[in-house]
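Chain letters run A, B, ... following the sequence lines, proteins first, then strands; residues in each count from 1.
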Amino acid sequence: MRRVQVTRAPRAQAESPRPAHERDAMHWSQFFIPTSKETPKDATAASHVLMLRAGLIRQVAAGVYCYLPLGYRTLRKVEAIVREEMNRAGAIELHMSVLMPLDWWQQTGRTEAMGDTLLRLGGPPGDWRSQTVLGPTHEEQVVDIARAFLGSYKQLPINLYQIQTKFRGEARPKSGVLRTREFLMKDAYSFHADKASLDEGYQKMYDAYCRIFGRCGLPYIAVEADSGPIGGDSSHEFMVLTDAGEDTVAISENGDYAANTERATAFFEGHRDGETPGRSAESGQAAAEPLREVHTPGAGRVEDVCKVLGTTPAQMIKTLIYTVTQPEPQASARGSASEPQAPARGPSAPVSRLVALVRGDHDVNEIKLRKAARQLCGSANASIDMADARTIEELTGAKVGFAGPQGIVERFRAGDMLVIDRDVTALRNAASGANKTDYHVTGVNPGRDFPLAPDDRRPYVLVADIRMVVEGDLSPRGSGSPIRLKTAIEVGHVFKLGTKYSDAMNATFLTREGKPARFIMGCYGIGLNRIVAAAIEANHDDNGIIWPMSIAPFEAVVIALDPRDDHAMEVAAGIYNELAAMGVDVLFDDRDERAGFKFKDADLVGIPLRVVVGKKSLAEGVVEWSHRRDQVKHTLPPAQAAGHIAGLVRAARQTSAALS
RNA sequence: CGGAGUGUAGCUCAGCUUGGCUAGAGCGCUGCGUUCGGGACGCAGAGGUCGCAGGUUCAAAUCCUGUCACUCCGACCA
């Protein structure tokens with residue numbers, strides 16, 4: 001740090017306005033905090049605006065930011081908390097490499113699964129660069145370590161973690177630091193000999209995460225999550241509820257249920273009678289009406305149709321057509337070094353059509369639908385896409401907007417599928433498209449007009465939960481509590497991975513019986529930059545950031561209001577020095593600026609505690625102090641100031657520690 | 001990847017429609033002075049390849065073509 005000074009010294013000595021020996025970096029006049037009054041053009045999220053205005057970060061490129069000193073101080077504090085709690089939970093820190101061989105990713109099949117998200121170095125074919133990737137996550141590398149060094153059950157369980165910069169070819173970076181191409185992540189990987197040990201390790205991480213986010217001052221909740229392409233059977237996400245998030249969380253009002261909408265499910269009425277969804281068709285109270293065609297010219301959208309038919313979206317069946325693509329069975333994944341860019345899907349990949357039925361007031365959850373499709377066709381890698389207009393017209397015989405379920409299976413080819421949402425099975429005399437342009441039908445009845453179960457001729461029929469939950473759905477716990485939807489930032493994620501990676505990379509250890517067995521794994525991630533952004537989203541006002549003490553770049557700021565008044569300056573500097581000596585992270589605003597200017601800066605930057613030393617209050621024998629959060633001014637004699645503030649800092653630190 | 005938009009000083013933007021003289025303002029920055037408890041003021045300054053490349057023209061920030069970057073919506077997203 002001093003080195004910078006030394007190299008500058010010869011030139012600076014004569015005329016530098018601040019000679020080296022007088023520098024104290026924690027004097028605001030000499031620190032580096034480029035604040036700005038202007039709201040940056042491109043920032044919409046509060047955290048993004050404030051991080052730029054408070055001089056925490058600077059954008060380098062889309063989704064790439066550098067951390068300026070103030071931002072870096074906070075990031076480092078977050079890092080320290082994460083490290084402390086991981087160590088406390090028995091995890092062991094290591095540092096893996098960012099560059100790694102493409103080969104590993106081909107072994108686990110994730111070259112394809114991650115697609116463009118996996119960043120490659122490029123370079124001519126055969127060059128080492130074309131065989132090297134920038135790590136977006138480190139399962140492959142840590143499994144490689146495990147298969148090399150973990151040979152015995154005696155070494156298990158073990159949890160290895162790192163805090164590392166990750167790279168992802170994010171297609172659309174957004175919201176400042178919330179979604180970027182380069183970011184700092186804590187990723188941990190646990191290895192277990194059996195399922196019970198995994199459950200234990202998972203719970204340990206879950207608890208550690210609660211402590212971490214609690215200590216960082218985040219109002220978080222843990223929700224059930226979809227485990228995504230990474231696979232695995234159980235997973236929770238740690239969410240901070242804020243406007244800026246890009247995830248949506250379903251929470252029941254009484255708090256007995258919380259899940260990411262990717263997987264959230266609602267209470268199904270059919271359960272009440274103990275009915276199986278497929279059978280409820282026969283038990284309807286209303287008499288089944290015959291199908292009746294109604295002319296509905298131009299009414300392709302649900303609302304339009306309702307108007308014409310005088311019905312409600314909840315009484316309609318929405319018929320959506322998808323295509324299902326099953327990739328060719330993985331040809332030899334190994335040794336394809338000569339052709340690393342092998343096309344993900346050959347043109348010959350078999351494509352079948354899938355008809356999905358949901359109620360008119362519901363939307364399809366494509367993650368659930370994909371799961372259903374995979375179950376039906378038995379291919380774990382099958383993908384689904386909305387069908388194009390031609391496919392739809394071919395299947396329904398009508399223009400887009402007039403598809404209906406009745407008789408649709410008669411038009412099926414081998415391999416086509418029908419997936420019916422549970423809630424559709426409960427409908428009686430519903431309305432739907434007529435499979436005839438400009439016509440709809442009423443009196444559609446599940447079971448009579450379309451099958452609810454597979455038979456010999458149509459083996460691909462499935463009733464499942466394939467819809468998004470909506471506001472007002474009831475908690476699936478059966479408590480009757482309504483579900484609310486909230487946007488949230490995902491700050492952490494814990495998975496039970498199982499043997500997905502140890503299988504793919506053939507990573508084994510020897511059991512007590514001397515037989516090789518695959519590691520059972522868990523993996524656990526935390527986005528450190530997101531913690532910073534989420535903390536700001538959750539803690540700010542019109543004037544700026546309100547840092548939680550635990551991650552504030554400085555815990556206290558001493559503002560000298562009259563730097564030209566020797567006495568006032570002396571008192572202020574004295575308090576600053578005392579605080580620093582007491583181990584408080586303190587910044588000294590010694591700048592020769594007007595009072596309002598400095599107050600605004602202090603508010604913007606968000607330091608939790610503020611001491612103001614000015615001629616005016618000094619004349620009354622006091623200095624002022626206040627919390628950033630409530631701005632209420634208190635006074636006390638200068639001699640007691642440092643001691644009091646240090647006490648407040650200590651108390652806040654203890655509160656944070658008490659969470660753990 | 002699809003749709004929309006924007007690139008002019010460190011930051012926020014005007015100028016472009018209808019080509020024309022030395023390319024402007026505010027904030028910030030430098031100097032001097034006044035001011036000094038909630039983002040002061042005066043005077044004097046520094047700072048710009050008008051994203052880049054090509055074209056049209058006597059003449060291009062302005063018109064045309066291409067290209068790059070960034071932002072927003074969507075698709076995508078351990």
For this session: Name the closest nucleotide to the A:Ala62 side chain, picking from B:rG38, B:rG37, B:rU71.
Result: B:rU71

Exercise. For A:Arg58 and B:rC70, what is the distance between atoms CZ and P respectively, to the nearest whole Å?
Worked result: 14 Å

For this session: Any strand is fair game: report the nucleotide pairing with B:rA23 by Watson-Crick or G-U wobble, both distances under 3.5 Å, or none.
Result: none

Exercise. Hey, is the side chain of A:Arg610 pairing donor to acceptor with the base of B:rG38 inside 3.5 Å?
Worked result: yes

For this session: Write down the distance between CZ (A:Phe597) and C1' (B:rA40), rounded to a whole number of angstrom.
Result: 11 Å

For this session: Go through the N and O atoms of the side chain of A:Arg564 and the base of B:rC36, and report whether any donor-acceptor pair is under 3.5 Å.
Result: yes

Exercise. Contact class for A:Lys41 vs. all strands (heavy atom < 4.0 Å): base, sugar-phosphate, or nothing?
Worked result: sugar-phosphate

Exercise. In the structure shown, which nucleotide is the Watson-Crick or G-U wobble counterpart of B:rG45, with both distances under 3.5 Å?
Worked result: B:rC29

Exercise. Nearest to the side chain of A:Leu604 - B:rG39, B:rC70, B:rC72?
Worked result: B:rG39

Exercise. Touch check for A:Ala171, heavy atoms < 4.0 angstrom, all strands: base, sugar-phosphate only, or nothing?
Worked result: base

For this session: Under 4.0 Å between any heavy atoms, over every strand shown, what does A:Pro136 touch: base, sugar-phosphate, or nothing? Just pick one.
Result: base

Exercise. What integer number of Å spans the P atoms of B:rA25 and B:rU65?
Worked result: 33 Å

For this session: Sort out for me which residue in A:Met239, A:Arg179, A:Glu537 forms a side chain to side chain contact (heavy atoms under 4.5 Å, CB included) with A:Ile489.
Result: A:Glu537

For this session: Compare the minimum distances between each of B:rC76, B:rA75, B:rG37 and the side chain of A:Leu561, then state the nucleotide with the smallest one.
Result: B:rG37

Exercise. Would one find a side-chain N or O of A:Arg594 under 4.0 angstrom from OP1 or OP2 of B:rA40?
Worked result: yes

Problem set entry | B:rG20 to B:rA61 separation - P atoms, rounded to the nearest Å | 9 Å

For this session: Calculate the interatomic distance between A:Lys37 atom NZ and B:rG38 atom P; express it in whole Å.
Result: 15 Å

Exercise. Does atom CG of A:Asp243 have more than 12 heavy-atom neighbours from other groups under 6.0 Å away?
Worked result: no

Exercise. Roughly how far apart, to the nearest Å, are B:rG15 and B:rG51 at atom P?
Worked result: 15 Å

Exercise. What is the distance from CD of A:Glu262 to C1' of B:rA75, rounded to the nearest Å?
Worked result: 14 Å

Exercise. Within the structure shown, what part of the strands sits under 4.0 Å from A:Arg181 by heavy-atom distance: base, sugar-phosphate, or nothing?
Worked result: nothing

Exercise. Toward the 5' end of RNA chain B, which comes first, A:Thr39 or A:Ala595, by nearest nucleotide?
Worked result: A:Thr39

For this session: For B:rG19 and B:rG45, measure between their P atoms and round to the nearest Å.
Result: 35 Å

Problem set entry | Short side-chain N/O contact to B:rU71 OP1/OP2 from A:Gln59, under 4.0 Å | yes

Exercise. So what's B:rC52 paired with, Watson-Crick or G-U wobble, going by both distances under 3.5 Å?
Worked result: B:rG66

Exercise. Expressed as a whole number of Å, how far does the P atom of B:rC70 sit from that of B:rU8?
Worked result: 14 Å

Exercise. Does a side chain donor of either A:Tyr189 or A:Asp187 reach within less than 3.5 Å of an acceptor in the other side chain?
Worked result: yes

For this session: Using atom CZ of A:Arg370 as one end and atom C1' of B:rC76 as the other, report the distance to the nearest whole Å.
Result: 11 Å

Problem set entry | Watson-Crick or G-U counterpart of B:rA61, or none if no pair lies under 3.5 Å | none

For this session: Starting from P on B:rG38, measure out to CD on A:Glu624 and report it in whole angstrom.
Result: 11 Å

Exercise. Do A:Arg168 and B:rC76 share a donor-acceptor pair, side chain to base, under 3.5 Å?
Worked result: no

Problem set entry | Base paired to B:rG74 (Watson-Crick or G-U; both N/O distances under 3.5 angstrom) | B:rC1

For this session: Nearest whole angstrom, please: distance from the P of B:rU71 to the CG of A:Leu52.
Result: 11 Å

Exercise. Is any side-chain N or O of A:Glu38 under 3.5 Å from a base N or O of B:rG26, one able to act as donor and the other as acceptor?
Worked result: yes

For this session: Establish, yes or no, whether the cationic atom of A:Lys166 lies under 6.0 Å from the six-membered ring centre of A:Phe183 and within 45° of the ring axis.
Result: no

For this session: Using the P atom on both, measure B:rG7 against B:rA46 and round to a whole Å.
Result: 27 Å

For this session: For A:Thr44 and for A:Arg179, find the nucleotide of RNA chain B with the closest heavy atom, then tell me which residue's nucleotide is more 5'.
Result: A:Thr44

Exercise. When the P atoms of B:rU67 and B:rG3 are considered, how many whole Å apart are they?
Worked result: 14 Å

Exercise. What does B:rU34 pair with, Watson-Crick or G-U, if both distances are under 3.5 Å?
Worked result: B:rA40

For this session: Answer with yes or no whether A:Asp601 presents, from its side chain, a donor or acceptor under 3.5 Å of a partner atom in the base of B:rG39.
Result: yes

For this session: Calculate the interatomic distance between A:Leu119 atom CG and B:rC77 atom P; express it in whole Å.
Result: 16 Å

Exercise. Would a line drawn from the ring center of A:Phe238 to the ring center of A:Tyr524 be shorter than 6.0 Å?
Worked result: no

For this session: May I ask you to decide if the ring planes of A:Phe213 and A:Tyr220 are parallel, tilted or perpendicular, using 30° and 60° as cut-offs?
Result: tilted

Exercise. What integer number of Å spans the P atoms of B:rU17 and B:rA60?
Worked result: 14 Å

Problem set entry | Parallel, tilted or perpendicular: ring planes of A:Phe588 versus A:Tyr576, cut at 30 and 60 degrees | parallel

Exercise. Between the base of B:rG28 and the side chain of A:Ser36, is there a donor-acceptor distance below 3.5 Å?
Worked result: no

Exercise. Measuring from A:Trp105:CH2 to A:Arg120:CZ, what's the distance to the nearest 0.5 Å?
Worked result: 11.0 Å

